[in-house]
Each structure stands twice: as structure tokens, then as C-alpha cells.
Amino acid sequence: MLARLPRGFADRTADDIRAVEQMMAKIRAVYELYGFEPADQPLIEYTDALGKFLPDQDRPNEGVFSFQDDDEQWLSLRYDLTAPMARYVAENFERLPKPFRSYRSGWVFRNEKPGPGRFRQFMQFDADTVGTPGVAADAEMAMMMADVMEALGIPRGDYVIRVNNRKVLDGVLEAIGLGGEENAGRRLIVLRAIDKLDKLGVEGVRQLLGPGRWDGGKEGEGDFTKGAGLSAQQANRVLADIGVVEALGDGEFPSSQTFADGQGELMQIEQLVVASGYGPDRIRIDPSVVRGLEYYTGPVFEAELLAEIPNEDGQIVRFGSVGGGGRYDGLVSRFRGEPVPATGFSIGVSRLMSALKALGKLDTSSTVGPVVVLVMDRDTDSLGRYQKMVSDLRQAGIRAEMYLGGSGMKPQMKYADRRGAPCVVIQGGNERNAVDENGNPRPMVQIKDMVAGAELAANIEGHDAYKEARPGQMTVPEAELVGTVRGILAAQRAERG
RNA sequence: GCCGUUGUAGCUCAGAUGGUUAGAGCGCCGGAUUGUGGAUCCGGAGGUCCUCGGUUCGAUCCCGAGCAACGGUACCA
């Protein structure tokens with residue numbers, strides 16, 4: 001039996017968990033400030049509630065982890081937080097205040113090929129407003145996202161919230177003659193192509209808009225991806241309208257009403273955010289943003305990190321999108337006969353965390369470990385004394401533990417070192433049986449400051465001298481144990497700043 | 001799914017034209033009767049050389065297939 005982690009999943013260390021909690025507290029504070037309420041839905045929903053595609057018998061796990069209940073109904077692990085939220089709101093519609101403003105966080109699952117920074121289980125942190133048709137709600141989302149980025153310590157200029165409108169894209173497609181039901185497939189291909197702009201560049205996208213593109217980058221390498229089959233003029237119009245190339249001749253294609261509507265909404269959003277003091281350094285209109293291809297119906301936005309961040313190997317990586325969202329007027333109404341407009345966004349917590357880590361914006365220094373009371377003698381009487389010391393320290397609010405392994409002193413010291421113990425407590429027979437100047441029993445303890453000890457040890461040559469010196473160590477009466485430890489902790493805290 | 005690269009100790013990697021007992025560094029464990037982390041020294045544990053099949057007297061090495069990891073690309077509601 002080989003112990004192994006399934007691919008696409010991650011074990012989390014103590015540091016990671018603490019860092020995420022720290023981060024989520026900051027995000028939560030912003031959401032609360034905006035007046036959103038916490039809510040939570042389960043990890044599992046009926047498959048048909050999650051989206052319009054039911055897993056068929058042949059491929060029950062395409063993209064989503066699914067399984068059948070004992071009553072044969074299909075259940076799935078949620079792949080985002082929006083669909084379960086929509087189900088909850090629809091189910092409790094009468095009871096909830098409208099607009100319903102809520103936030104939630106948790107794990108989501110995708111049964112897809114994992115890659116660097118792409119996991120099959122990851123954490124999202126969402127906020128949504130349901131029951132509001134106006135663009136003011138969308139503008140608020142964009143501003144809140146900007147506030148979150150700054151609350152996390154990302155300096156202005158190192159991120160940008162890019163805003164677009166699905167109606168603009170739809171309008172472009174209409175203009176070049178891709179409107180109508182019969183062109184739905186090609187529209188999708190065009191949108192996907194635009195979405196790959198940052199990955200493939202303008203020319204790559206142009207190939208995908210036209211005949212297609214070879215995976216490997218050149219002719220015959222890799223698989224051939226069939227394109228949208230647009231003419232050169234159509235492709236150029238699309239690229240021009242999303243602002244990545246110069247327009248050629250005008251008037252070749254008619255302008256579209258949908259396009260104009262979308263732009264009107266974008267202008268309103270821009271006015272609203274500018275009026276609130278959010279300039280283009282934070283929130284920027286960008287017609288090339290595509291986002292989630294299926295359910296968005298209006299404004300869409302994306303939070304992008306602009307900072308060039310070195311990864312563990314020292315290479316510069318662009319993290320790109322760390323969150324996004326938009327208007328999804330159809331999601332809740334799917335469950336109800338009436339239209340229910342809604343808008344929201346989602347932060348990719350896991351991804352953002354690795355970015356913050358790389359930026360040094362995350363306090364990854366581990367928490368101070370417990371004070372370790374070494375076990376020098378294993379008779380019940382001594383163990384009782386050690387246990388009492390631990391208990392006293394805990395009473396004083398100091399993390400502490402008695403060594404519970406079976407090894408000798410040296411391994412115990414190694415253990416304390418590895419645990420990040422600020423100090424250890426040592427009491428053998430010599431200390432326990434000490435007497436004062438009058439010959440009365442006066443039990444002592446030795447307390448070793450591990451931080452000071454390590455510093456002092458650096459200047460000691462040779463193991464014998466090192467052992468002899470016992471750096472950072474002091475002997476105090478047992479009664480002064482707690483006070484002395486407290487002093488060491490305070491000094492170390494001051495040292496750390 | 002498709003294309004490519006790679007699979008040898010916990011990690012990073014050597015290795016020989018196909019020949020007895022497969023190595024290094026790091027890490028891990030241990031090292032004087034009451035003791036002490038790091039460094040140094042000494043010792044130790046740890047391997048199906050990815051799997052299966054083929055060629056061969058003999059395969060970790062050559063051949064075939066499979067699996068896995070990594071990268072790119074596609075899909076990603």
C-alpha cells in the first residue's frame with residue numbers, strides 16, 4: 001500500500017491554514033462593511049440544480065464529481081458557490097429580504113486536468129446581490145473587489161478590476177452577422193478565442209477566429225483546433241472592437257443596438273465608480289474581458305494582479321486573474337417563473353494566497369510553538385511534577401506541552417527545536433532536590449531560551465564546548481517558572497518587532 | 001483528449017557498451033551511566049532502478065505496450 005495524494009489535491013500545512021484564515025478575515029471584514037450577510041450551503045447539491053447539464057450514464061463525471069444516491073438521483077460536488085446560492089435563494093425566496101445581499105466561502109471541486117496553480121479542490125469567497133436589476137449593484141461589486149484587494153495589502157497599481165459587458169460582445173457578434181440561434185456554436189468559439197488573448201496573443205486569437213490553430217504553435221505540431229471560420233474582415237472587426245488592433249475601414253459592418261446598450265451600461269458604471277473616487281488606476285473598462293462563458297448576461301468583471309511576481313524558482317510569473325464575476329440574470333429565475341436579476345463575484349482564495357505569499361504580503365512566519373517541558377525522569381512522581389508545570393503555564397495562557405514521546409534528552413531537544421518552542425523546561429534530580437543556603441528543600445528548574453540559545457551557539461566551536469556552555473539557559477526556583485517563561489516570551493516578542 | 005519531456009533512496013541527481021554487491025550530496029535515525037538543538041566527527045536505516053511483456057546465458061540499461069508525473073494545448077457548465 002503506497003501512501004499517495006490524488007493529483008490535483010493539496011495537503012495543507014499549519015502555516016497555510018493560518019495564512020488563509022488571516023486572509024479570509026480581511027475579506028470578510030470588507031464584505032461586512034458593505035452590508036453583506038454570511039450564508040452557507042452544503043458541498044453537495046442535486047446535479048441538475050448546479051447547471052443545465054446532467055451527467056449522462058456514459059460520462060457521469062465530466063467536469064464535475066458526481067454520484068448516485070440510493071434513490072438513483074444524481075448528486076454532485078459543487079463546482080462554484082454561485083449555483084448553490086441561486087438554489088438557496090430560489091427555494092427561500094419569500095422569506096428573504098430583497099435585494100438579498102450575502103457572502104459565503106468554501107471548497108469547490110472540479111474534475112478537470114490539474115495544472116500549476118490549478119487544483120481539483122480549491123476555495124472561493126463570494127459575495128452576491130440578488131434581486132437588483134440596476135448597474136449600481138454591478139458598480140458596487142467592482143468597487144468592493146478593489147477594496148478587498150487593498151485590504152489584503154496589494155498596493156494600488158499592482159492590481160486592476162477590469163470591467164466589460166457581455167452585451168458589448170454580443171453586439172459585436174451581431175454586427176458581423178453572427179446573431180441568431182443558428183450561430184450560437186460559432187459565437188461560443190469566438191468568445192473562447194477572445195478569452196485566450198492573454199495566453200495566445202493577438203495573432204493566436206486571430207487564427208482561432210479564422211480557420212484554426214495548431215496546438216504546438218506551428219504547422220503540424222500538436223492537435224489542430226478548429227476556429228470560428230470568420231473572414232479576415234470579420235476577425236479584424238472583432239479584434240478592433242475589443243480594442244486590441246486598429247480598426248480598418250469603417251462601415252463594412254452595421255453597428256448594433258445591443259452593442260450600444262452594453263456600452264451605455266459600461267458608461268454608467270464608469271460614472272458611478274468615478275463619482276465614488278475609483279479612477280482607472282483601480283477600475284478600468286476593458287472590452288476584451290470575457291469571463292465565464294455561459295451564464296453571464298450583462299456586466300462582467302475580473303480582478304487581475306499586475307505585479308510581476310517571482311516564484312519559488314525565481315522566475316517571473318504573471319498571476320493574472322484572481323477573481324471575477326458579473327451579472328447572471330438567468331440563474332435564479334431558472335428555478336422560478338419570474339425574472340430574478342442578480343450580480344456577484346468570486347475570489348479564488350487558494351490562488352490569491354499563493355500570489356500574496358510570493359508578494360510577501362502574507363505573514364508566513366509560523367506561530368510561536370509551545371513551551372516544551374522535557375521529561376528527564378519517568379517515575380510517576382516526576383511526571384506529575386512536569387504535568388503540573390505544563391498546567392501552570394497553560395493557566396497563564398501560555399502554549400505548553402510535556403514531551404510525550406519515548407526518547408532521551410537529546411531527541412527531546414531536537415523535538416523542541418523542530419516544534420519552534422520558544423523555550424524548554426528542564427528538571428532532573430539535581431534541580432528537583434536542590435536546597436537553599438539553610439539546607440531546606442528548594443526545587444529549581446532550568447529554563448532554556450531556544451532563540452537566544454541558537455544565537456549564542458553560533459559562536460561556539462566544537463561540540464564539547466557547546467555542550468558545556470549551555471547557552472541561553474538559566475536556573476530559577478520552581479515557583480518562578482511561569483514568571484520567567486513569560487519574561488522570555490516578552491523579550492522574544494520584542495525582538496521580533 | 002492531443003503533442004512533447006521525464007520516471008534510479010524521503011529530496012536533488014549520478015551511473016555502466018548488457019555482466020557479480022547500484023552510488024553521491026542533502027535529509028532522517030543513533031552515538032559517553034545527570035543529560036542540551038546548531039556545526040564537526042563516527043555509525044546506521046532506507047531501493048521492485050515505474051509496471052508488464054519481449055530479445056538475451058544474463059536487462060535498471062535494448063525493443064514493445066501500459067501507467068504516472070511534468071509542460072504545452074483543448075475542454076472547463
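Chain letters run A, B, ... following the sequence lines, proteins first and then strands; every chain starts at 1.
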Enquirer: Looking only at atom types and distance, does a side-chain atom of A/N183 sit under 3.5 Å from a main-chain N or O of A/R186, one as donor and one as acceptor?
Expert: no
Enquirer: The side chain of A/S407 is closest to which nucleotide in this list: B/G30, B/U34, B/A74?
Expert: B/G30
Enquirer: Closer to the 5' end of RNA chain B via nearest nucleotide, is it A/P411 or A/E431?
Expert: A/P411
Enquirer: Identify, with sequence neighbours excluded, every residue that meets ring pair (Phe, Tyr, Trp, His ring centres under 6.0 Å) alongside A/Y466.
Expert: A/H463
Enquirer: By nearest atom, which of the nucleotides B/U36, B/U34, B/A74 is closest to the A/D377 side chain?
Expert: B/U34
Enquirer: Might you list the N or O atoms of the protein lying below 3.5 Å from N or O atoms in nucleotides 68-71 of chain B, with each pair's distance?
Expert:
residue, atom, partner, partner atom, Å
B/A69, OP1, A/R7, NE, 3.3

Enquirer: Looking at B/U36, does its base get a donor-acceptor pair with the side chain of A/Q473 below 3.5 Å?
Expert: yes
Enquirer: Let's see if you get this right: which residues in residues 440-454 of chain A place a heavy atom under 4.0 Å from RNA chain B?
Expert: A/Q446, A/K448, A/D449, A/M450, A/G453, A/A454
Enquirer: Could you tell me how far B/G66 sits from B/U5 if I compare only their P atoms? Round to whole Å.
Expert: 15 Å
Enquirer: Give a yes/no verdict on base stacking between B/A77 and A/Y79: centres under 5.5 Å, planes within less than 30° of parallel.
Expert: yes
Enquirer: What distance, rounded to whole Å, do you find between the two C1' atoms, one in B/C28 and one in B/U33?
Expert: 27 Å
Enquirer: Across the strands shown, which category fits A/I460 at heavy-atom distances under 4.0 angstrom: base, sugar-phosphate, nothing?
Expert: base
Enquirer: What integer distance in Å separates A/Y415:OH from B/C29:P?
Expert: 13 Å
Enquirer: Only pairs at least two apart or in different chains count here, so list each ring-ring contact (aromatic ring centres under 6.0 Å, His included) that has a residue in residues 189-208 of chain A.
Expert: none
Enquirer: In terms of the angle between their ring planes, are A/F109 and A/F65 parallel, tilted or perpendicular, with boundaries placed at 30° and 60°?
Expert: perpendicular
Enquirer: Can you check the A/L374 CG to B/G37 C1' distance for me, whole Å?
Expert: 11 Å
Enquirer: Can you tell me the distance, in whole Å, between the NZ atom of A/K410 and the P atom of B/G38?
Expert: 7 Å
Enquirer: Which whole number of Å gives the distance between the P atom of B/C13 and that of B/G19?
Expert: 25 Å
Enquirer: Say you pick atom C1' in B/U60 and the same atom in B/G1; how far apart are they, in whole Å?
Expert: 32 Å
Enquirer: Give the rounded distance in Å between these two atoms: CZ of A/R470 and P of B/U34.
Expert: 13 Å
Enquirer: Suppose we screen for side chain to side chain donor-acceptor pair (under 3.5 Å). Which residues come up paired with A/E182, at least two apart in sequence or across chains?
Expert: none
Enquirer: If you measure only the distance, is there a donor-acceptor pair under 3.5 Å linking the side chains of A/D128 and A/Y328?
Expert: yes
Enquirer: What is the separation between atom CD on A/Q412 and atom C1' on B/U34, rounded to the nearest whole Å?
Expert: 13 Å
Enquirer: Return whichever of A/A421 or A/R418 has its heavy-atom-nearest nucleotide of RNA chain B closer to the 5' end.
Expert: A/R418
Enquirer: Respond yes when some side-chain nitrogen or oxygen of A/R419 is under 4.0 Å from OP1 or OP2 of B/G37, and no when none is.
Expert: no
Enquirer: When you look at A/N164 and A/R291, which way does the side chain to side chain donor-acceptor pair (under 3.5 Å) test go after all the steps?
Expert: CA-CA 9 Å; A/N164 192 15; A/R291 272 318 282 178; over 6 Å; no
Enquirer: Is it the case that the base of B/G37 and the side chain of A/Y466 share a donor-acceptor contact (distance under 3.5 Å, atom types as modelled)?
Expert: yes
Enquirer: Please state the P separation for the pair B/U36 and B/C52 - nearest whole angstrom.
Expert: 49 Å
Enquirer: Considering only atom C1', compute the distance from B/A65 to B/U55 and round it to an integer number of Å.
Expert: 15 Å
Enquirer: Keeping to residues at least two apart or across chains, list the side chain to side chain donor-acceptor pair (under 3.5 Å) pairs with something in residues 482-493 of chain A.
Expert: A/D449-A/Q492
Enquirer: Who are the side-chain contact (heavy atoms from CB on, under 4.5 Å) partners of A/S102, not counting sequence neighbours?
Expert: A/A39, A/M85, A/F100, A/R104
Enquirer: Hey, is the side chain of A/R291 poking within less than 4.0 Å of OP1 or OP2 on B/C76, counting only N and O atoms?
Expert: no
Enquirer: Distance check: side-chain N/O of A/K467 vs OP1/OP2 of B/A32, anything under 4.0 Å?
Expert: no
Enquirer: Between A/I189 (CD1) and B/A74 (P), how many Å, whole number?
Expert: 13 Å
Enquirer: For B/C75, does OP1 or OP2 lie under 4.0 Å from any side-chain N or O of A/K226?
Expert: no
Enquirer: Could you check how far CD1 of A/I426 sits from P of B/G37, rounded to whole Å?
Expert: 10 Å
Enquirer: Could you tell me whether A/R110 contacts a base, only the sugar-phosphate backbone, or nothing, with contacts defined as non-hydrogen atoms closer than 4.0 Å?
Expert: nothing
Enquirer: Name all residues meeting the side chain to side chain donor-acceptor pair (under 3.5 Å) criterion together with A/S288; count only those two or more places apart in sequence or in a different chain, and write none if there are none.
Expert: A/D286
Enquirer: In whole Å, what is the span from the OH atom of A/Y296 to the P atom of B/C76?
Expert: 15 Å
Enquirer: I need the full list of ring-ring contact (aromatic ring centres under 6.0 Å, His included) pairs touching residues 410-431 of chain A, with sequence neighbours left out, sorted by first then second residue.
Expert: A/Y403-A/Y415
Enquirer: For B/A45 versus B/C61, give the span between their P atoms, rounded off to a whole number of Å.
Expert: 27 Å
Enquirer: Taking the same atom, P, in B/G44 and in B/A24, what whole-Å distance lies between them?
Expert: 11 Å
Enquirer: For RNA chain B, list all stems, counting runs of three or more consecutive pairs where every pair is Watson-Crick or G-U wobble with both distances under 3.5 Å.
Expert: B:1-7 with B:67-73, B:10-13 with B:23-26, B:28-31 with B:41-44, B:50-54 with B:62-66
Enquirer: Examine distances only and state if a side-chain atom of A/Y46 and a backbone atom of A/S76 form a donor-acceptor pair shorter than 3.5 Å.
Expert: no
Enquirer: Applying side-chain contact (heavy atoms from CB on, under 4.5 Å), can you list everything that pairs with A/I17, at least two apart in sequence or on another chain?
Expert: A/R12, A/E21
Enquirer: Of the nucleotides B/C75, B/A74, B/G37, which has the atom closest to the A/L208 side chain?
Expert: B/A74
Enquirer: Identify, with sequence neighbours excluded, every residue that meets side chain to side chain donor-acceptor pair (under 3.5 Å) alongside A/E478.
Expert: A/R385, A/Q427
